[in-house]
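Report on the structure given below.
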There are 2 protein chains.
Amino acid sequence: LIVAAKLHRVYDAGEVQVHALRGASLKVKKGECVAIMGSSGSGKSTLMNILGCLDKPTSGSYYLCGEDVARLGRNRLADVRNQTIGFVFQSFNLLARTSAQENVELPLYYAGAGGRERRSKAAEALERVGLSDRSHHHPSQLSGGQQQRVAIARALVTSPKVILADEPTGNLDSKTSVEVMDLLADLVDAGMTVVLVTHEQGIAARAQRVIEMCDGEIVSDVRNGRT
Amino acid sequence: LIVAAKLHRVYDAGEVQVHALRGASLKVKKGECVAIMGSSGSGKSTLMNILGCLDKPTSGSYYLCGEDVARLGRNRLADVRNQTIGFVFQSFNLLARTSAQENVELPLYYAGAGGRERRSKAAEALERVGLSDRSHHHPSQLSGGQQQRVAIARALVTSPKVILADEPTGNLDSKTSVEVMDLLADLVDAGMTVVLVTHEQGIAARAQRVIEMCDGEIVSDVRNGRT
Ligand SMILES: Nc1ncnc2c1ncn2[C@@H]1O[C@H](COP(=O)(O)OP(=O)(O)OP(=O)(O)O)[C@@H](O)[C@H]1O
Ligand SMILES: Nc1ncnc2c1ncn2[C@@H]1O[C@H](COP(=O)(O)OP(=O)(O)OP(=O)(O)O)[C@@H](O)[C@H]1O
Ligand SMILES: [Mg+2]
Ligand SMILES: [Mg+2]
């Protein structure tokens, strides 16, 4: 499903160049659940942004569902983002003056879904992350972990092929983290592919594969003990 | 140092009222290190915002360094925030179009420190969180964990009496988390008082006391095994 080869990403920060990704290569099969770990600044979010078609690599190739992402025009790219990928940002990226319900409806709006379908699917997604009673709150009226769960619901609502989650449990207590991981596990059983960044061993332990990053490179890629 | 009694905080979210704090009472001595845990939405940040003089309780009393915070005028309150408290926000709250260096200098600017003192103290604080080589980056040019460390450096730079840290390691890998906790431990040894919110057992284990919150109430307050 995902075939990324020798990805490089160089940022220009004024006079200095930051080589955030140094030839990262990665393959993920349909229905796999992969965890990415690594120290702060090691390139995890940079890699996720490229996999999520939110950023282009400086060099290297990336094929998603068999398509060469580099060849996709703006509109086709936007469609792929909307229809194939559900992205949970490390910093949530919720619309400020918009309710949780409307934030979650947004991807369905872009997908052209009608009002009734949007409302019912968004309500269901919020139900799954335990936030039905906060659907009319705006992000500033939600706790950090609640904002994170709205971001997760938004990523699920279009039933995408791939979920890319950047620290999905960073602001969640252990009990709520387990609930979110159970939810992701159900989706994997149902055929969804999940790539998640985490710094918590307990979360990585639930993935089938754990990828370790260091200074922009993938330094290990290990299958977890369980079948 | 901190004496909070029967704190209540009710939010009005449209038609619904959210009773985020239900009579939380808390005492913290000078030089103590206290961890606050609890499920997502249990009131941790609400409590921290009141302790940090960033929000007023709906009812209840709060004495900081012997002063009744409710009686403080706007200016006095701003002084207390600037001189007594170092606050690490759950969502960092860094200034966007400003470098890491300048973000960390900000509290010193409000404290009236001269340019040379500001620059050298800010550089030292960034050094302590391992970000000397990122001092000229803007937040958008920093990884999540790097932004978090800039927020920590900013909270330390005025050598406040109290550090209030809301999930200071939420975005940090274990190694960097340990470095941050070592840093906080040194500050506690040097007489600083630290109250931190965390959802990670390993972090809470390093505090002298662990407070558990549930639905706006403090349900347990236990001393950790170590002296
Ligand atoms: N826009 C940018 N301009 C310059 N440098 C950047 C930019 N974005 C990221 N970086 C740098 O690239 C490196 C990798 O960043 P990235 O966000 O991928 O790290 P990360 O592994 O996600 O870290 P964390 O665990 O802290 O979230 C970091 O050192 C960061 O400073
Ligand atoms: N401005 C607000 N208006 C309405 N409700 C609010 C507001 N801010 C917070 N709340 C609600 O108050 C409750 C407590 O929020 P708080 O941010 O203190 O939780 P928390 O324990 O910090 O959670 P987390 O671990 O997810 O960060 C939550 O249920 C939240 O929805
Ligand atoms: Mg990141
Ligand atoms: Mg919080």
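Just so we're on the same page: letters track the sequence lines, and every chain starts at 1. Quick caveat: nothing in here was measured; it's all calculated off a predicted structure.
Interface residue A:Gln141: only side-chain heavy atoms are found under 4.5 Å from chain B. B:Glu167 touches chain A through its side chain: at least one heavy atom from C-beta onward sits under 4.5 Å away, while N, CA, C and O do not. Of the two parts of B:Thr169, only the backbone, made up of N, CA, C and O, holds a non-hydrogen atom closer than 4.5 Å to a non-hydrogen atom of chain A.
Identified by a heavy-atom distance below 4.5 Å to chain B, the contributing residues of residues 35-44 of chain A are A:Gly38, A:Ser39, A:Ser40, A:Gly41, in residue-number order. When the heavy atoms of residues 122-133 of chain A are compared with those of chain B, none of the residues falls under 4.5 Å.
Put simply, of A:Gln147, A:Arg149, A:Lys175, the one with the most heavy-atom pairs under 4.5 Å next to chain B is A:Arg149. When each of A:Gly145, A:Ala20, A:Ser91 is scored by its heavy-atom pairs under 4.5 Å with chain B, the top score falls to A:Gly145. In terms of non-hydrogen atom pairs under 4.5 Å with chain A, the most contact-rich of B:Leu172, B:Thr46, B:Thr176 is B:Leu172.
Annotation for A:Asp215: atom CG does not count as buried by contact number, only 12 or fewer foreign heavy atoms lying within 6.0 Å. Sparse packing is recorded around NE2 of B:His136, with 12 or fewer heavy atoms of other residues, nucleotides or ligands lying under 6.0 Å away. Other residues, nucleotides and ligands place no more than 12 heavy atoms under 6.0 Å from the OH atom of B:Tyr109. Heavy atoms from other residues, nucleotides or ligands lying under 6.0 Å from OH of B:Tyr110 number 12 at most.
Side chains of A:Val18 and B:Arg134 form a contact here, defined as non-hydrogen atoms less than 4.5 Å apart. Considering only heavy atoms from C-beta on, A:Gln90 comes within 4.5 Å of B:Asn171 through its side chain.
What you find for A:His199 and B:Ser174 is that their closest heavy atoms are O-OG, 4.3 Å.
Interatomic distance, CD of B:Glu200 versus CG of A:Asp173, reported as 11.5 Å (0.5 Å rounding).
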